[in-house]
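Presented below is the structure to which this report refers.
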Amino acid sequence: MVESQQAFIKGRHIVTIFHNETNLYTVLRIRVEDCSEDFQEKEAVITGYFPRIHEEESYTFYGEFQEHPRYGKQFQTTHFQQELPQTKQGVIQYLSSDLFKGIGKKTAESIVEVLGENAISRILASPSLLDTVPKLSPEKAKELYEALLEHQGLEKILVQLNQYGFGPQLSMRIYQSYKEETLHIIEKNPYRLVEDVEGIGFGRADELGSKLGIQGNHPDRIKAGCLYKLEVESLNEGHSFLLKDHLINEVKKLLESKQPIQIDSNAIAYEILKLEEEKKLVVEENRVYMPSVYYSEKGLVNNIKRILSQKEYKDQFPESEFLLALGSLEERLSIEYAPSQREAIQKALTSPMLILTGGPGTGKTTVIKGIVELYSELHGCSLDPKDYKRDEVFPFLLAAPTGRAAKRMSESTGLPAVTIHRLLGWNGTESFDYHEDNPIEGKIIIIDEMSMVDIWLAHNLFKALPEHMQVIVVGDEDQLPSVGPGQVLKDLLASERIPTVRLTDIYRQENGSSIIDLAHSIKNGKVPSNLLEQQKDRSFIPCSTGQMSEVVKQIVTHAIKKGYSKKDIQVLAPMYRGPAGVDQLNIMLQEILNGNPDGRKRELTFGDIVYRVGDKILQLVNQPEKNIFNGDMGEIVAIFFAKENEEKQDQLIVSFDGNEITYTRQDLNQITLAYCCSIHKSQGSEFPVVLLPIVKSYYRMLRRNLLYTAVTRSKEKLILCGEMDAFQMAVNRTDDNSRNTTLKDRIVESITNMNVNEKNVADEAANTEQFPFEELLMKTDPMIGMSNISPFDFMEG
């Protein structure tokens, strides 16, 4: 038994110091009654994952003592057991306590009278015995049994899960998924854990399956392998579907790699068919989809079709009125729009939907500002939200995938902008407050950085758009695609069924921007001949992987001396591991930018990371309820230790542009140091100074769109350091068509059919003389060591 192998401590609960309702992590203090170790204290601190522990109840905790560097000796629990009362009177008092709602003293006495002093164990073994208790309703009997299971059955479950090799945190997560059915479910089909419990992959479930005798071609094992492979390739590679033959081959390799048993491909094909019948995946022709991705693709297409079917915008303004208003706007803003920019503004205001795309320096921001300004002029509506009464709808909606991108939109337009999650009212349960039955309110919406939006978010956004809303989608198709499945912006453009304006002319800064020139060279697959020549706003410092850390250190140190702050300087790297990876560079940069040589700064250690007041922090997960999102950067402004607050736990306070968020130890896996971050995490952001290491050890990640995205994050200064061969390799390697999606084909088919049907209706109407010729035209949409160059000279002046 586990109990004989582990230390234990028995005691009566005094106070719960901390209890997290989400993951059930608990810190409590007990009055010690017994202990297997040489522990002489009268009280002890217990940590572990429990449901709420009740005062004055006696428990036995199994685990081990650990010495906490700040809080001293604590007993870390793997599982526990509530001590059952041993006397008739004790059982009555226990059953009539506040643990069991609706069971008073008289009812408890009746239960003990009928079932005896061992009533509790008898009820747990056979709940139908409660039917023999007089005047105990079936509802109360059910509630009593479930409460007993929660307080007594959990101990048995945790012991068994511990024997299966699951730690206390994962065991509690499994229990939260299945409750009292936990052991029954996982012993019948351990592969359900892959689908239902976050943090358990196929390998872990397969190990348990093997222990339980589920091997080889067992249907449950094959099904789990199919779902696991499909999900992994959708999430990791961004595919919307896998070809069936490819999926069968991948599943076969996976299953045979775990057990030396040959798997029949026909058996895998049969289980794919069964999974389709169970609606756990979708098969269309020879393509296999996760249902959520399949229905998101179809839903997005239907909503785009709905938006494009609006006709009232096309001729709402005579061209003379538009040109007069545009000329007035140019005079007021002291600018002159280029022909392509004029086209974009006019098309945006006269189309139900427009895609505006272009690289850096092509004037996308200028066009966005022009659209909102001219919309305001032509529709006679104010751009100031304060001018609208409480029951009036502000017509302009501006949104972006990240908080930083939204902030940039707001700064450039003077209008409020929010993240897409916040716009849709994400409620923390993977659903949104706004949807097709409760659409958002407004007249015109502009969505920036669309290349970052995956198929799931795009579907949820478009289905929440109301009728008669104009939609402008903005983005750079050459940047990295979304982290999640799909390549929405690229597919929308490739369909050629949505009104589009491509901005190609580069509008230089006053003295020109070599960063923008470099970005467009990369985009076109070329390495500029002057790459190694020092420019006023960029430079290339040759160095090897082994020299990288020292080179980065020197450049950053010099930048600080030149007056740049740690907030201004951003190091970007394609990979996390290795001497030139994100993790190692962060440790080095922290010591330069926020060292603690005298030990006066407050610190908090979490895993391998030491957090200090003043550290630059990166948010790793979306927390819309707190208005912080994956990729947001902030600064640690305070650290409080457990002994200093009522919650009795360490706290780390991070300010995200004035929005202060409190993190406890249980939340610290949501953040990391941000002096260096991955290029993916930098999307949607811009920085005054970008330092980009690029060496051949990054080989696996070197791609043109990755390099292009990194370079376009820089506003003022760009320092490339590394190997010329690696740069050339990145420019030459593309993966533009590597994602499997069917969004483009669905749009082409759907919109083409829509236009054909509308033309047929128009022709029929014309033959019966029901419509004037002018209206017929409106019924048919047009398809529409380094070198001798100093690495620091670029900052002079």
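Along the sequence shown, residues are numbered consecutively beginning with 1. What you see is a predicted model, and the numbers here were worked out from it, not measured in a lab.
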Checking Phe727 now: which residues fulfil ring-ring contact (aromatic ring centres under 6.0 Å, His included) with it, not counting sequence neighbours?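 None.
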Output yes when a side-chain donor or acceptor of [X] lies under 3.5 Å from a complementary backbone atom of [Y], and no otherwise.
X	Y	value
Glu336	Glu330	no
Thr362	Asp505	no
Lys364	Gly359	yes
Arg733	Met701	no

Sidechain N-carboxylate O distance under 4.0 Å for Arg404, Glu686: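 Not counted as a salt bridge, because no side-chain N and carboxylate O are separated by less than 4.0 Å.
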With a 4.0 Å cut-off on N to O distance, would you call Asp517 and Arg538 a salt bridge?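 No.
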Within this structure, what is the [atom1]-[atom2] distance for the pair [X] and [Y], rounded to the nearest 0.5 Å?
X	Y	atom1	atom2	answer
Thr357	Asp476	OG1	CG	5.5 Å
Thr709	Gln683	OG1	CD	5.0 Å
Gln570	Tyr675	CD	OH	11.0 Å

Could you walk me through whether Leu673 and Ile617 satisfy the side chain to side chain contact (heavy atoms under 4.5 Å, CB included) test, starting with their C-alpha distance in whole Å, then the side-chain angles of each, then the deciding distance to 0.1 Å, before giving a yes or no? CA-CA 5 Å; Leu673 295 175; Ile617 294 300; 4.2 Å; yes
Side-chain atoms of residues 447-465: list all donor-acceptor pairs with protein atoms under 3.5 Å, sequence neighbours left out, distances to 0.1 Å.
from, atom 1, to, atom 2, distance (Å)
Asp454, OD1, Trp456, N, 3.1
Asp454, OD1, Leu457, N, 2.9
Trp456, NE1, Ser292, OG, 3.1
Asn460, ND2, Trp456, O, 2.9

Crowding at NZ, Lys626 (>12 non-hydrogen neighbours, <6.0 Å):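 Result for NZ/Lys626: enclosed.
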Parallel, tilted or perpendicular: which describes the rings of Phe432 and His421, with under 30° parallel and over 60° perpendicular?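 Judged by the thresholds at 30° and 60°, the geometry between Phe432 and His421 is tilted.
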